[in-house]
Amino acid sequence: MNTPERMGYACINMQLSQPKNFGPNPKAQKVFTNRTMIRRTFNQKGVDYASSLALQNCIDLYQILKWNHENGFDFFRISSNLFPWASEYEFEDLKDYENIIDWLDKCGQYAIATNQRLTTHPGPFNKLASPHERVVKNTIKDLEIHGWMMDRLGMPRTPWAKINIHVGAAYNDKPMATGNFCKNFDKLSDSVKSRLTVENDDKKSLYTTHELYDTVYKRIGTPLVFDYHHHECHSDGVPEAEALKLAASTWGDITPVVHYSESRAKEQSDDSIKVQAHSDYIYRPIDTYGAKVHCMVEAKRKELAVSTWREKHKII
DNA sequence: CATGGTCAAGTGGCA
DNA sequence: TGCCACTTGACCATG
């Protein structure tokens with residue numbers, strides 16, 4: 001197999017979330033799962049308002065999953081913003097708690113029935129390698145929120161439903177940082193541990209697939225997500241094929257996930273854009289070097305980028 | 001030395 | 001309707 005078995009998109013459905021696609025009062029009809037608020041509003045309106053936003057986000061998650069199935073998508077990354085300010089309360093305290101878990105259950109059952117793979121990618125503030133206790137505590141809290149969500153969705157406790165993060169920091173002392181990462185991994189619940197994966201970084205000062213293999217995978221067994229674009233930014237001269245195959249070898253029975261995006265600077269022919277920035281669309285063939293993988297496309301135009309790519313490359 | 005942009009990922013809130 | 005600020009961390013390019 002030299003092309004991905006599945007192609008997915010992340011968090012936002014362009015066609016469902018564009019106000020211009022709707023008639024009067026478009027905001028009320030927009031389907032999206034990122035409803036949130038700034039701190040000031042949270043302080044004013046409190047947990048009850050967060051609860052209603054979360055409920056609406058969960059309802060819209062179901063709408064997106066429905067759209068996915070009806071439009072031939074079977075791989076999707078769930079937004080990490082489903083529960084605004086979730087670090088500030090317990091789920092059980094939400095006024096809509098019962099309703100929310102019903103919707104999550106409905107989403108999970110539907111995804112399973114329609115054979116959709118669901119994953120997550122908690123944000124760059126998750127630093128399990130940090131030497132600062134407070135940072136680690138915040139990270140664990142955020143990761144546990146993702147684990148709880150996957151449990152409520154009825155997703156397996158395997159990297160099929162991955163919770164993917166970066167090591168993402170070195171502090172000028174990689175052995176210390178990766179040591180911290182592995183030590184703090186032990187503080188996570190089984191819900192997170194069983195699903196956690198680690199992705200190669202895009203900065204020269206951070207970690208390639210091979211470094212993660214040696215310092216993280218060998219010690220705690222978390223599968224490695226190979227990101228093509230990050231590899232292009234930081235490869236230590238290792239060929240793409242080799243790094244991808246090494247990452248794929250860490251997944252056991254579970255189909256590995258890879259991330260794919262292209263350089264925005266090249267796409268827009270604008271050197272002032274950082275090399276790490278993601279393109280709107282993707283253009284090139286995706287070589288999987290014989291590995292069976294599921295490919296998460298990280299392009300700004302989301303599912304439209306996948307559809308366009310499929311047409312161009314004549315892949316259904 | 002300080003600021004802004006990048007990752008994730010745009011959205012809320014107010015003029 | 002437009003525009004700027006917006007929870008978290010860390011790093012890096014630019015001014």
Side-chain angles (χ1 to χ4, degrees), chain A residues 9-14 16-20 26-27 30-45 49-50 52-53 56-57 60 64 76-89 119-146 162-174 176-177 180-181 184 198-207 225 227 229-234 259 261 263-265 270-280 296-303 305:
Chain A
Y9 67 102
C11 307
I12 291 165
N13 182 298
M14 296 305 290
L16 295 179
S17 67
Q18 294 303 307
K20 63 174 165 50
K27 205 168 176 180
K30 264 183 66 166
V31 174
F32 70 122
T33 64
N34 295 329
R35 291 174 187 81
T36 184
M37 59 195 142
I38 60 175
R39 181 187 288 280
R40 179 157 35 95
T41 307
F42 181 57
N43 290 343
Q44 283 166 8
K45 300 193 174 181
Y49 183 58
S52 17
L53 293 183
Q56 192 56 54
N57 284 339
D60 278 5
I64 293 173
F76 180 67
R77 179 189 298 166
I78 301 173
S79 165
S80 292
N81 295 344
L82 234 58
F83 302 97
W85 295 97
S87 54
E88 306 298 312
Y89 50 79
T119 62
T120 62
H121 194 350
F125 303 110
N126 286 276
K127 292 293 190 279
L128 212 48
S130 178
H132 309 294
E133 198 180 332
R134 181 182 51 82
V135 174
V136 173
K137 194 163 154 276
N138 290 344
T139 299
I140 291 172
K141 176 75 184 176
D142 197 27
L143 292 177
E144 293 297 338
I145 289 165
H146 288 79
K162 78 180 165 63
I163 299 172
N164 176 61
I165 59 173
H166 291 263
V167 174
Y171 315 98
N172 284 319
D173 186 350
K174 282 184 173 180
M176 180 276 288
N180 280 351
F181 189 95
N184 291 328
V198 181
E199 175 181 350
N200 57 312
D201 289 291
D202 61 8
K203 293 189 186 75
K204 300 241 182 269
S205 62
L206 300 180
Y207 308 89
V225 170
D227 185 308
H229 188 211
H230 295 171
H231 180 82
E232 216 172 288
C233 299
H234 178 38
H259 291 174
S261 60
S263 154
R264 181 173 197 79
D270 180 349
D271 290 343
S272 70
I273 299 172
K274 299 222 186 294
V275 284
Q276 289 92 340
H278 291 169
S279 55
D280 283 340
M296 178 52 62
V297 173
E298 297 179 325
K300 295 289 182 196
R301 301 300 288 179
K302 305 296 179 184
E303 88 284 2

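Chain letters run A, B, ... following the sequence lines, proteins first, then strands; residues in each count from 1. Everything numeric here is computed off the predicted structure, so don't read it as measured data.
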Are the side chains of [Y] and [X] in contact, using a 4.5 Å heavy-atom criterion?
X: A/Ser79; Y: A/Thr120; answer: no
X: A/Ile64; Y: A/Val31; answer: yes
X: A/Met37; Y: A/Leu53; answer: yes

Consecutive Watson-Crick or G-U pairs in runs of at least 3, all under 3.5 Å, in which DNA chain B is involved
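The stems are B:1-7 with C:9-15, B:10-15 with C:1-6.
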d([atom1], [X]; [atom2], [N]) in whole Å:
X: A/Asn43; N: B/dG13; atom1: CG; atom2: C1'; result: 15 Å
X: A/Met296; N: B/dC7; atom1: CE; atom2: C1'; result: 16 Å
X: A/Gln56; N: B/dT11; atom1: CD; atom2: P; result: 14 Å
X: A/Glu298; N: B/dA9; atom1: CD; atom2: C1'; result: 11 Å
X: A/Phe32; N: B/dT11; atom1: CZ; atom2: P; result: 6 Å
X: A/Ile38; N: B/dA9; atom1: CD1; atom2: P; result: 22 Å
X: A/Leu53; N: B/dT11; atom1: CG; atom2: P; result: 13 Å
X: A/Asn57; N: B/dA9; atom1: CG; atom2: C1'; result: 13 Å

A quick test of your reading: do over 12 heavy atoms of other residues, nucleotides or ligands sit less than 6.0 Å from CD of A/Gln44?
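Yes, the 6.0 Å shell around CD holds more than 12 heavy atoms from other groups.
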Give a yes or no on whether A/Lys137 atom NZ has more than 12 heavy-atom contacts from other residues, nucleotides or ligands under 6.0 Å away.
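Open.
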Restricting to salt bridge (Lys or Arg N to Asp or Glu O under 4.0 Å), what partner residues turn up for A/Asp173, sequence neighbours left out?
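Listed in chain order: nothing, the list is empty.
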My understanding is that only residues two or more places apart in sequence, or in another chain, count here; which of them pass salt bridge (Lys or Arg N to Asp or Glu O under 4.0 Å) with A/Lys274?
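So A/Lys274 forms no salt bridge (Lys or Arg N to Asp or Glu O under 4.0 Å) with any residue.
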Would you mind telling me which of B/dC14, B/dG10, B/dC7 lies closest to the side-chain atoms of A/Asn34?
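Closest nucleotide among those given: B/dG10.
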Over all strands shown, is [X] touching base, sugar-phosphate only, or nothing at heavy-atom distances under 4.0 angstrom?
X: A/Arg264; result: nothing
X: A/Ser79; result: nothing
X: A/Glu88; result: nothing
X: A/Thr36; result: sugar-phosphate
X: A/Tyr171; result: sugar-phosphate
X: A/Thr139; result: nothing
X: A/Lys204; result: nothing

Separation of the [atom1] atoms in [N] and [M], to the nearest angstrom:
N: C/dT7; M: B/dG13; atom1: P; result: 10 Å
N: B/dT3; M: C/dC6; atom1: P; result: 14 Å
N: C/dC4; M: B/dG5; atom1: C1'; result: 15 Å
N: B/dT11; M: C/dG9; atom1: P; result: 23 Å
N: C/dA5; M: B/dA9; atom1: C1'; result: 15 Å

Establish, from distance only, whether the side-chain atoms of A/Asn126 and A/Asp142 form a donor-acceptor pair under 3.5 Å.
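On atom types as modelled, these side chains qualify, holding a pair under 3.5 Å.
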Main-chain N/O of A/Lys203 paired to A/Asp201 side chain as donor or acceptor, under 3.5 Å:
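Such a contact is absent between A/Asp201 side chain and A/Lys203 backbone.
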Nearest-nucleotide wise, let me know which of A/Met37 and A/Ile12 is further upstream toward the 5' end of DNA chain B.
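Its nearest nucleotide being more 5', the pick is A/Ile12.
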Could you tell me if the ring centre of A/His278 sits under 6.0 Å from that of A/His259?
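No, the ring of A/His278 stays outside the 6.0 Å limit from the ring of A/His259, centre to centre.
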The single option from A/Arg301, A/Lys302, A/Arg264 passing side chain to side chain donor-acceptor pair (under 3.5 Å) against A/Asp280
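Passing option: A/Arg264.
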Quick one: list whatever passes side chain to side chain donor-acceptor pair (under 3.5 Å) with A/Ser80, sequence neighbours left out.
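Checked A/Ser80 against side chain to side chain donor-acceptor pair (under 3.5 Å); matches are A/His146.
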Just N and O in the side chain of A/Arg39: are any of them under 4.0 Å from OP1 or OP2 of B/dG12?
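Checking A/Arg39 against B/dG12: no side-chain N or O falls below 4.0 Å of OP1 or OP2.
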Please list, for nucleotides 2-6 of chain B, all pairs of protein and nucleotide N/O atoms separated by less than 3.5 Å.
none

Between A/Tyr89 and A/Phe42, what is the ring plane arrangement, given parallel below 30°, perpendicular above 60°, and tilted in between?
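Rings of A/Tyr89 and A/Phe42: tilted, as their planes differ by 30° to 60°.
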Of all nucleotides in DNA chain C that come within under 4.0 Å of a heavy atom of chain A, which is furthest toward the 5' end and which toward the 3' end?
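With heavy atoms of chain A under 4.0 Å away, the range is C/dC6 to C/dA13.
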